[in-house]
Amino acid sequence: MSFASIPKTELHLHLEGAAPPAFIAGLAREKGVDLGGIFNADGSYKYQGFDHFLKVYEAACTVLTSPEDFRRLTLAVLEESAANGVIYGETFLSPDFCGKGDLGAWREYLAAITEAASEAEARDGVTLKGVVTCIRHFGPEQARTAARCAAETMGDFIVGFGIGGDEMAGKLGDFAYSFDMAREAGLHLTAHAGEWGGPESVRDAVNDLGVARVGHGVRSIEDPAWVEELARRGVHLEICPGSNISLGVFPDWPLHPINTFYERGVSLSISTDDPPFFHTTLAGEYERLAETFDWDEAVFRDINIMAMKAAFCDDATRAAKLETLGEKT
Ligand code: ADE
Ligand code: ZN
């Protein structure tokens, strides 16, 4: 099986987290910024554990200071997506890193990112949509600023709102105001939950914030009745197996619960989260899943159809991409 050539939908990719370390190191050099010890001798990102990962991630973001930086980043990320067979992707992006929450600046960053997305779509046929993400450990006040930016710029490109960052910081309910604002603006909703928190964290995301999708959600596996409910209610899990294994949520591929979720009828998709941080690619994830769980092309097709049905895009885009996957609507 050629894993790169399987047509793919990727719903969980952080734009800054997809920045190759050489790209960040290059910007740091251009700008004369010393990023300290965030790289290993071989040039890869250097961190130990999730909290440190978040710090290194935020340090890397400090050199992404202009719309032009994000235009170049988006082009580089989409080139990699296309090389991995992605036909439709959604990316998380944060006003906190694009103009520090200023709405005027955010619009300029967004213009640069959408320009790059259009160029990549014309070149490679890969369609990208944006999901504005607030950062949990930056607190509910800053999240409102992000939600306002999202609501003001919702449209053809910005289609969703979500939350990432430290799942152990604060309560999800504290972010309800931001999620309500986003929902009222017509945005689709997702939240990182059940990566570090247990099934109750996923329940909070679904019941308190009303999200249709959950980023990770994998620790739901600890409560079989809740897994059944996820399947019954059609809640979609954006699963990133390589990220989970790299960060130590599960010790190794055979112990990852993705196959159990699949067998129990939970709607799910496969993504890379922050691929250079986890030494992974989307095609690489497919290869490991095929090896580990004996998944064949029919399983991957089924999963990509589930992903496309859970995508936050308009119906015309969804229908066109489903057709590419050989699914009639
Ligand atoms: N931001 C980037 N990657 C993340 C992850 N795996 N969990 C939470 N927030 C993130
Ligand atoms: Zn994530």
Side-chain angles (χ1 to χ4, degrees), residues 9-21 24 38 44-62 64 70 73 77 81 89-98 128-139 142-143 146 160-172 175 178 188-198 201-202 204-205 209 211 213-220 236-250 256 258 268-282 285 307 310 312:
T9 293
E10 180 166 43
L11 300 181
H12 191 118
L13 179 75
H14 298 261
L15 187 54
E16 310 90 8
I24 294 295
I38 75 161
S44 59
Y45 290 116
K46 180 180 179 180
Y47 63 92
Q48 255 176 345
F50 181 64
D51 292 349
H52 190 210
F53 156 77
L54 288 176
K55 288 199 170 66
V56 169
Y57 186 110
E58 283 161 28
C61 285
T62 61
L64 294 163
F70 271 88
L73 172 61
V77 169
S81 292
E90 288 176 12
T91 192
F92 297 127
L93 57 170
S94 305
D96 303 271
F97 300 130
C98 298
L128 183 73
K129 302 287 181 190
V131 176
V132 173
T133 309
C134 64
I135 315 284
R136 188 157 166 171
H137 54 277
F138 291 175
Q142 220 164 306
F161 182 72
I163 184 168
D166 184 358
E167 194 180 343
M168 294 296 125
K171 294 193 303 289
L172 262 191
F175 296 87
S178 296
H188 298 276
L189 304 177
T190 177
H192 281 64
E195 181 187 22
W196 304 105
S201 174
V202 185
D204 289 348
L209 298 182
V211 300
R213 297 192 338 218
V214 175
H216 301 289
V218 283
R219 285 196 51 200
S220 295
H236 181 89
L237 302 187
E238 306 154 4
I239 299 187
C240 312
S243 160
N244 295 154
I245 290 152
S246 182
L247 288 171
V249 179
F250 301 102
H256 195 283
I258 188 169
L268 60 88
S269 49
I270 304 161
S271 295
T272 54
D273 208 7
D274 312 282
F277 283 89
F278 308 134
H279 306 282
T280 190
T281 62
L282 194 54
E285 299 274 326
F312 289 163

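Ligands are counted one by one from 1 in listed order, and the atoms in each one are counted from 1 as well.
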ask   = So is G165 in contact with ligand 1, going by heavy-atom distances below 4.0 Å?
value = yes
inquiry  = Quick check on contacts: which atoms of ligand 1 are under 4.0 angstrom from a heavy atom of D273?
reply    = 3 (N), 5 (C), 6 (N)
F50 N/O under 3.5 Å from ligand 1 N/O = no
query = What N, O or S atom of D273 is found closest to the Zn ion (ligand 2)?
reply = OD1
message = With a 6.0 Å cut-off on the ring centroids, do F161 and F175 count as close?
response = no
query = With backbone taken as N, CA, C and O and side chain as the heavy atoms from C-beta onward, which portion of H216 lies under 4.0 Å from ligand 1: side chain, backbone, both, or neither?
reply = side chain
ask   = Taking C-beta and beyond as the side chain, do F277 and H14 meet within less than 4.5 Å on heavy atoms?
value = no
query = Does any N, O or S atom in H216 come within less than 2.8 Å of the Zn ion (ligand 2)?
reply = no
inquiry  = Using a 4.0 Å cutoff against the non-hydrogen atoms of D274, which atoms of ligand 1 qualify?
reply    = 2 (C), 3 (N), 4 (C)
query = Are any of the side-chain heavy atoms of F92 and D274 separated by less than 4.5 Å?
reply = no
request  = Please assess E10 against S81 for the test side-chain hydrogen bond (donor to acceptor under 3.5 Å, both in side chains), listing each intermediate value before the final yes or no.
outcome  = CA-CA 9 Å; E10 180 166 43; S81 292; 4.7 Å; no
note = Under 4.0 Å from one or more heavy atoms of E195, ligand 1 contributes atoms 5 (C), 6 (N), 7 (N), 8 (C)
request  = Would you mind checking if R219 and E167 are paired as a salt bridge, meaning a charged N to carboxylate O distance below 4.0 Å?
outcome  = no
inquiry  = Rounded to the nearest 10°, what angle sits at the Zn ion (ligand 2) between NE2 of H14 and NE2 of H12?
reply    = 110°
query = Is a side-chain donor or acceptor of S271 paired with a backbone partner of L11 at a separation under 3.5 angstrom?
reply = yes
note = The answer for which part of Y57 has a heavy atom under 4.0 Å from ligand 1 is side chain
query = Cut-off 3.5 Å, side chains only: do S246 and H279 have a donor facing an acceptor?
reply = no
